[in-house]
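Proteins come first, then strands; the chains are lettered A, B, ... in the order of their sequence lines, and each starts at number 1.
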Amino acid sequence: MKEVTKMSVDFDRWYTDVVRKAELADWSGVRGMMVVRPYGWAMWEAIMRAFDDMIKDSGHENWAFPLLIPREFLMKEAEHIEGFAPEVAWVTRAGGAMEELEEPLAVRPTSETIIGPLIKRYIQSHRDLPKLTNQWNSVVRWEMRSRLFLRSREFWWQEGHTFHAYAQEAMEEADLILGYYRAIAEDWLAVPVLVGKKSPAETFPGAVYTLTVEGLMRDELALQMGTSHYFGQNFARAYDISFSNKENERELCHSTSWGISTRLVGALVMAHGDDSGLIVPPKVAPIQVVVVPIFRDDDGQAKVRRFIDGWSGELKRAGIRHRVDWRDERPGDKYAHWELKGVPLRLNVGARDADAGQVELVDRLTRQKAAVPVAGLADRLGKELEDFQRRLYERAQKFQRDRTYELGTLDEVVAHFREKGGFVWTQWCGDTEEEGRIKAEAGGVTIRTIDEESKASGRCLVCGRPAKFRVALAKAY
RNA sequence: CGGGGAGUAGCGCAGCCCGGUAGCGCACUUGACUGGGGGUCAAGUGGUCGCGGGUUCAAAUCCCGCCUCCCCGACCA
């Protein structure tokens, strides 16, 4: 049957099993390139819709920029290209005879270096600003080690790129988007996140600073779920993206970029799943309610069908995404199937229920069953779904709280991560070499985020000097 | 990209050492019985043995090259 490796036995195998058996995605035969199947893509579509609405409401516009980037464009911003060089794929030949191109073209790993030189045409005056662009596309990064959704050589995302007359406005933009990302993670995916700034070592190549949202997965590893970058005038300087201000002087733009990707589908799997499979948050669930009819013979089937037909239209009108599973399988198979796929609510409906005018409601989180009258079913299910979304978030929040610690010294941190995972808050002086020592000595532990809300108070965990930053440490994907 | 392992039906595997008719379980198809938590029986379908080359009368099996996947390390949305 469709056995899934137990999460407690081997989390990585569990993840791979679940992603494939729940029909989210597969490998394609070309190393690192994945096929996203309809059930997985539908979750990404829900995320896309939610985020697209948010940015449209705040004046952003979708564009389409080219897939291939001329080498000279890519090479302009020194720090940026240095950061991305190891993972850029190049087109060097084309045509029937596979002729060598005079100038190689980079397959975009991200589009700052092509949007910059193209967008400047459309920016002349301060009246053209801000220019708030976004594109939904896929990018290629030549990773050496891949995992479905979390690290594939091609992945799908949105990349926003904005250009502003004022530094303050660009920084506010980066903050605004970070807030959207937090909403996507917490309100839509039901994954609580730490929100803050990256250390210089973890900052996006070419950025002045990078803001991040970090979630905690059920194997107690952190996952970066979205980043928003403030570039200052770095990219504007490299590509001469400038405008005439009110005094008719030339000035360089201040720019930002920000992205969330199909990685978020992996995040939802790892943040909520259990030994039976996925648990999908109702707001992004392709199927929120599955109906399993139970019958013995044709008469029984007809009776159950009439009963279900009596209220399924009402569910549809109420906007509840549901499916009636009429496949010729046994009920037990169907239960296991839809649990693996993480459908939040299930209705078991047999002749006895039809007679009683009720359905059996089964909750994917608690597995509890309850008899529910069909009168007012759509309202009831709507409330149940909202409640499910809330309970799922609270469960993840408790999980995260129970695995968030406060430690003072590097020795304590090293000892902690020998035994446990989770987030460890500590104090840091800001020295990048000392940050490297944490990573080396604690076995891949990194600074996930710098707390921007509260001030550092104690001493640096490495050197003992007065700390400048309060930081969250974790092992991460 | 370094070390190790593996590619045979949709999935999981045996066969390879010692060359000679391509097999098993699950899934799938059909039928019957069944049906409120992963059923039973019967009869079937399905294969360029990862790709290319070599050795041989003959290659899934031996040799060479390549591709892909998995595990472990260094780099990463």
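- Within 4.0 Å (heavy atoms only), A/Arg346 reaches at least one base atom of the nucleic acid.
- One cannot find a donor-acceptor pair under 3.5 Å joining the base of B/G37 and the side-chain atoms of A/Arg330.
- Within 6.0 Å of CG in A/Asp298 there are 12 or fewer heavy atoms belonging to other residues, nucleotides or ligands.
- Taking a centre distance below 5.5 Å and an interplanar angle below 30 degrees as the stacking criterion, A/Trp157 does not stack against the six-membered base ring of B/A77.
- Rounded to a whole Å, the CG atom of A/Asp328 is 12 Å from the C1' atom of B/U30.
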Give me, pair by pair, the N or O atoms of the protein and of nucleotides 9-12 of chain B that are less than 3.5 Å apart, along with how far apart they are.
none

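- The interatomic distance linking A/Arg147 (CZ) with B/G73 (P) rounds to 13 Å, in whole Å.
- Set against B/C28, B/G36, B/G38, the side chain of A/Glu329 has B/C28 as its closest nucleotide.
- With both ends at atom C1', the span from B/C11 to B/G47 equals 15 Å, rounded to whole Å.
- Among the protein residues, A/Phe149 comes within range of the nucleic acid bases, having at least one heavy atom under 4.0 Å from a base atom.
- Residue contacts for A/Gln224: at a heavy-atom cut-off of 4.0 Å it reaches the sugar-phosphate backbone alone, with no base atom in range.
- Shown here is A/Glu100, whose CD atom has more than 12 heavy atoms of other residues, nucleotides or ligands within 6.0 Å.
- Distance from the side chain of A/Arg145 is smallest for B/A74 among the nucleotides B/G37, B/G39, B/A74.
- Distances were taken from every side-chain heavy atom of A/Ala336 (C-beta onward) to each of B/G36, B/G38, B/C69; the shortest belongs to B/G38.
- If you check every strand for non-hydrogen atoms under 4.0 Å, A/Ser152 touches a base.
- Scanning residues 263-287 of chain A for heavy-atom distances under 4.0 Å to RNA chain B yields A/Arg263.
- Residue side chain A/Glu339 does not reach the base of B/G38 through any donor-acceptor N/O pair under 3.5 Å, judged by distance alone.
- In the set B/C69, B/G38, B/G36, B/G36 carries the atom at the smallest distance from any side-chain atom of A/Pro331.
- Only A/Ile294, A/Phe295, A/Arg296, listed by number, bring a heavy atom of residues 289-303 of chain A to less than 4.0 angstrom from any atom of RNA chain B.
- Only the P atoms considered, B/C63 is 23 Å distant from B/U68, to the nearest whole Å.
- In this structure, A/Pro86 reaches neither bases nor backbone, as no heavy-atom distance under 4.0 Å exists between it and the strands shown.
- Remark: the A/Lys369 side chain and the B/G37 base include a donor-acceptor N/O pair separated by less than 3.5 Å.
- Checked against B/A77, B/C69, B/G36, the side chain of A/Arg31 finds its nearest nucleotide in B/C69.
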